[in-house]
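The structure displayed is predicted, hence computed values, not measured ones. Chain identifiers are assigned alphabetically (A, B, ...) following the order of the sequence lines, protein sequences preceding nucleic acid strands; residue numbering begins at 1 within each chain.
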Amino acid sequence: MSLAMPSPDTTGEWEFLPFSFDHLDEATVLMTNLVGEQIFLTNDEFDQVRSGVPRSSSLKRRLASVHILRRRGESLPVELLAMKLRTQNRRLAQSTALHMFVVTLRCEHSCRYCQVSRQASSNDEFDMSPDTALRGLEFAFRSPSRSMKIEFQGGEPLLNFPMVRYVVEKAKELNREADKDLAFVIASNLVLLDDEILEFCEREGIYLSTSLDGPSDLHNRARPRPGMDSWERVVDGVKRAQDRLGPHRVSALLTTSAASLDRVTEIIDTYVGLNLHSIFLRPMSPYGFALRPRSGRSYEVERWLSFYAAGLDYIIELNRNGYPILETWAAIIAKKMFTNDDSGYVDLASPAGIGLRALVYNYDGGIYASDEGRMLAEMGDLTFRLGQLGEATYDDVMLSEELLAPQMTSLTHSAPMCVTCAYRPYCGSDPVFHHTTQGDFVGHKPTSEFCQRNLGVFRLLTQRARRDPYVRELFIDWAHSC
Amino acid sequence: MSLTPLEAVERAAYALSASVTLDFARDPEAPDVLVCTLHPRVGDPDEELLHRFRQEVTDQVLRVRIGEQTAPVRDLIYAVAFSRTGLIAEVVPE
């Protein structure tokens, strides 16, 4: 087979600026400029672009309006693109905003897909000590970021509530001098939520994030605990937290197992029934206990994408009918797609969010580039372990080969296929995921689950927003809410 | 007319490598002609696969050409974008 193409016209008054494209459907080509702004062309129009600068004046004007074409030598498009690019990357100089404290590995649940190495709830040798917590805080406050979110993770962090209290009080003390925008989140199953904890959360302005997998049978099957009453307890906890802290201070996360895939409307209805106004239709991650055969993780990307599409369409209809509810992943992407801004989400960033957007301090003082890196360590893979509190300095960790190597090799600006992908400005690199699933930091993109899943979501959101002005406005509204 | 850049064929081979692998070589009788042999991972080569590969190569040709044409202005945009970030301290001459 031999292939030949006409050379595009490179002379004349107009010239192209960098762009990428994707065949969105059989009749439409999506073009995006260097910063991800979109334009849609028919196949006939795109054929003109293939041949060089289009002859059609109106097409030239449309392409120029999104900085894909410029008059030769014109400087304004360069300056505008540079300004937008700088804005998109402004967080680079403001690392690291999210600091996760694993205050205990203990948990009284035994979730089928748990991603962490939980320990029996009576085994306090897996609790974080005050000395380790203080070193973690001193390390965290070295970060240049003006905002700092401290998230308590486990196990179940409320099993070591004295350490939660200690970290909150100590962080506020340290912040009198540092003067950062400080926020706290407890990621909890809410089973142990009592009046004392609620009173503390109310007084200290702490947010609660819990897990809710949908209807009781689905949730309790996935999240067994003594008494098999996890759902009843989390529902009770959400209601009490909403009453005491206000509806905006408690949110819930879904973990999608194979059993969830045919029940998306029931799952969303459970959230609506609890007066929750956001849901994160996230897939299960391939870490920790989630890799076990019984975890329920074994489903195809295509099946998950169908689940996601059905869920998104249902959420759109709920909004159209007057119940405001936001899908978190769509909101994160919409912020990049429609506002030239970025929510700071760790898993959709290039350079990757590990270390730069999030750091994890394990109960034993181990410092990790991400929560997933910690889970890998529990499985015996120490690739993303960056050091030990009390031994490694901040500079040691942030300039370590363990952090820089995965960052530098996985940049989407240089990774194969990513570099020309129309959706690159909305996406990111995930060296932990690719290391886990494919054995290297970059991954093989044509078979990457991360790539297939994100491409599917980007195309879905683009199509839905293009077809329906209401949906576009809804996505923009979500973009400004996250 | 110009020959398809080899880079475009290589990129197409990578993009479709989940379903097909590729041998390619210069034709000894016509060195400007690239001979590609497709090996589907499952089943035999069919028309649909050939069309997908041709379409992918066609798209990659445009990507390679636009990449080359716009490289100077892309570098300029990045230079302008990151020239005033404050990430690197300015060196003040004594």
Side-chain angles (χ1 to χ4, degrees), chain A residues 1-8 10 15-23 29 31 33-35 46-47 49-53 67-70 72-75 77-90 92-94 144 413 416-417 419-422 444-448 451-452, chain B residues 1-6 8-20 22 24 26-27 30 32-38 41 45 50 53-88:
Chain A
M1 178 173 63
S2 67
L3 296 158
M5 290 289 294
S7 296
T10 56
E15 65 180 354
F16 282 113
L17 293 160
F19 70 83
S20 301
F21 61 93
D22 180 47
H23 297 277
V29 178
M31 294 178 73
N33 68 11
L34 194 66
V35 296
F46 191 65
D47 282 345
V49 171
R50 277 191 200 282
S51 302
V53 173
H67 310 317
I68 286 175
L69 200 63
R70 70 166 177 169
R72 200 171 288 279
E74 191 180 11
S75 62
V78 171
E79 290 169 14
L80 288 171
L81 286 169
M83 186 174 67
K84 290 174 181 177
L85 197 59
R86 185 164 61 241
T87 305
Q88 287 179 349
N89 288 279
R90 68 190 159 82
L92 281 178
Q94 288 284 309
H413 289 77
M417 279 177 60
V419 68
T420 55
C421 180
H444 179 247
K445 303 305 179 187
T447 53
S448 159
C451 187
Q452 292 166 13
Chain B
M1 300 285 280
S2 63
L3 279 175
T4 302
L6 179 58
V9 183
E10 291 172 331
R11 286 188 187 192
Y14 180 81
L16 296 184
S17 60
S19 52
V20 66
L22 182 71
F24 51 93
R26 299 282 178 193
D27 183 340
D32 286 346
V33 175
L34 193 66
V35 179
C36 305
T37 309
L38 303 182
R41 290 185 184 273
L50 285 171
F53 186 70
R54 287 195 191 98
Q55 175 68 55
E56 189 63 38
V57 171
T58 305
D59 284 348
Q60 295 294 351
V61 166
L62 180 58
R63 291 187 176 111
V64 168
R65 291 217 168 114
I66 288 298
E68 289 172 355
Q69 279 178 30
T70 63
V73 73
R74 184 193 60 218
D75 292 347
L76 175 64
I77 292 165
Y78 275 90
V80 172
F82 295 108
S83 63
R84 294 188 292 269
T85 59
L87 285 171
I88 301 170

Practice problem: Determine the minimum heavy-atom distance between S17(B) and P446(A), stating which atoms define it. | Solution: OG-CG, 3.4 Å
Under 3.5 Å, sequence neighbours excluded: what are the donor-acceptor pairs made by side chains of residues 72-80 of chain B?
unit_1 : atom_1 : unit_2  : atom_2 : d
Y78(B) : OH     : H413(A) : NE2    : 3.0

Exercise. Evaluate the side-chain proximity of F21(A) to I66(B): yes if any heavy-atom separation is below 4.5 Å, no if none is.
Key: no
Practice problem: Could you tell me which portion of D27(B) (side chain, backbone, both or neither) has an atom closer than 4.5 angstrom to a non-hydrogen atom of chain A? | Solution: neither
Exercise. Measure L81(A) against the heavy atoms of chain B and call it side chain, backbone, both or neither at under 4.5 Å.
Key: both
Exercise. Specify which of M83(A), K445(A), H23(A) makes the most heavy-atom pairs with chain B at under 4.5 Å.
Key: H23(A)
Quiz prompt | R26(B): side-chain hydrogen bond (donor to acceptor under 3.5 Å, both in side chains) partners, not counting sequence neighbours | solution = none
Quiz prompt | Residue part contacting chain B, namely of R90(A), when any heavy atom lies under 4.5 Å | solution = neither
Quiz item: Which one of T87(A), L17(A), V419(A) has the most heavy-atom pairs closer than 4.5 Å to chain B?
Solution: L17(A)
Quiz item: CG/L62(B) to OG/S20(A) distance, rounded to the nearest 0.5 angstrom?
Solution: 10.0 Å
